[in-house]
S.K.: 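This is the structure I want to talk about, given as structure tokens.
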Amino acid sequence: MKVLGVDLGLARTGIAISDYNQVLASPLCVIKEKDNEVLAQKVGQICADEGIQRIVVGLPKNMDGSEGASAQNARTFADMLSKITNLPIFMVDERGTTITATNFLNDVNVRGKKRKNVVDAVAATVILQNYLDSCDK
């Protein structure tokens, strides 16, 4: 079963995908879209094209574990995506994923404009990999 990971952003949303055996997450793309309804349609199309059976959406909690406006936006988006795709959606704490993604890109010397174009997909990969590592298959 293939799983899709989503790192929701205000202007750019990172998308990652798992292999069929749910062992490895890989970056797929970054979608530049500010309208959540349009974004949900685009993600839904990716799910249909890729044969996705489950979706993981990053939940941006505050460092103290509380949820603010960004977390509510992610939950609203996940609900919208669930209605469009009829797929199960799992919310995963995404605290620290952008930092992890940035550190990884530093390690492989990806900087400047190139980094801006991929950091969201790498963050989605971290979110999805954390999910894959934490669940029984």
S.K.: Hydrophobic clustering (ILVMFWY, side-chain heavy atoms < 4.5 Å, transitive) - are Leu8 and Tyr131 grouped together?
M.R.: no
S.K.: For Thr125 and Ala121, work out which heavy atoms get closest and say how close.
M.R.: OG1-O, 2.8 Å
S.K.: Side chains of Asp93 and Leu59: does their closest heavy-atom pair fall under 4.5 Å?
M.R.: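 The answer is no, as the side chains (C-beta and beyond) never meet within the 4.5 Å cut-off.
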S.K.: Other than Met1, which residues form its hydrophobic cluster under the rule that side-chain heavy atoms must be closer than 4.5 Å?
M.R.: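 Under the 4.5 Å side-chain rule, Met1 groups with nothing.
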S.K.: For Asp19, which residues count as a salt bridge (Lys or Arg N to Asp or Glu O under 4.0 Å) partner, sequence neighbours excluded?
M.R.: none
S.K.: What are the two closest non-hydrogen atoms of Ile52 and Val3, and how far apart are they?
M.R.: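 Heavy atoms of Ile52 and Val3 come nearest at CD1-C, 4.1 Å.
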S.K.: Run Gln129 and Leu24 through side chain to side chain contact (heavy atoms under 4.5 Å, CB included) and show every step you take.
M.R.: CA-CA 7 Å; Gln129 190 66 55; Leu24 185 64; 3.9 Å; yes
S.K.: Is there a donor-acceptor contact under 3.5 Å from the side chain of Asn62 to the main chain of Asp64?
M.R.: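 No.
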S.K.: Distance-only criterion, 3.5 Å: show the donor-acceptor pairs between side-chain atoms of residues 75-84 and protein atoms not counting sequence neighbours.
M.R.:
unit_1, atom_1, unit_2, atom_2, d
Arg75, NE, Glu67, OE1, 2.9
Arg75, NH2, Glu67, OE2, 2.8
Thr76, OG1, Gln72, O, 3.0
Thr76, OG1, Gln72, NE2, 3.2

S.K.: Kindly give the heavy-atom pair with the smallest separation between Thr13 and Asp120, and that separation in Å.
M.R.: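 Looking at all heavy atoms of both residues, the shortest contact is C-CB, 4.4 Å.
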S.K.: Determine the minimum heavy-atom distance between Ile55 and Val6, stating which atoms define it.
M.R.: CG2-CG2, 4.1 Å
S.K.: Taking Val56 as the starting point, is it possible to reach Leu132 by hopping between hydrophobic residues whose side chains are less than 4.5 Å apart?
M.R.: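 Looking at the clustering, Val56 is in the same group as Leu132.
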S.K.: What donor-acceptor contacts under 3.5 angstrom involve side-chain atoms of residues 36-47, with partners at least two apart or in another chain?
M.R.:
unit_1, atom_1, unit_2, atom_2, d
Asn36, ND2, Asn73, OD1, 2.9
Lys42, NZ, Glu33, OE1, 3.3
Gln45, NE2, Asp49, OD1, 2.8

S.K.: Hydrophobic clustering (ILVMFWY, side-chain heavy atoms < 4.5 Å, transitive) - are Val57 and Val30 grouped together?
M.R.: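 No; tracing contacts between hydrophobic side chains, which count when under 4.5 Å, never links both residues.
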S.K.: Between Gly58 and Ala74, what is the shortest heavy-atom contact and its length?
M.R.: O-CB, 3.7 Å
S.K.: Can you name the nearest heavy-atom pair linking Asp7 to Ala123, along with the distance?
M.R.: OD2-CB, 3.3 Å
S.K.: Which residue pairs pass the ring-ring contact (aromatic ring centres under 6.0 Å, His included) test when at least one of the two sits in residues 15-56, sequence neighbours left out?
M.R.: none
S.K.: Give me each pair satisfying salt bridge (charged side-chain N to carboxylate O under 4.0 Å, His left out) with a member in residues 20-31, each pair once, sequence neighbours excluded.
M.R.: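 Qualifying pairs, neighbours excluded: none.
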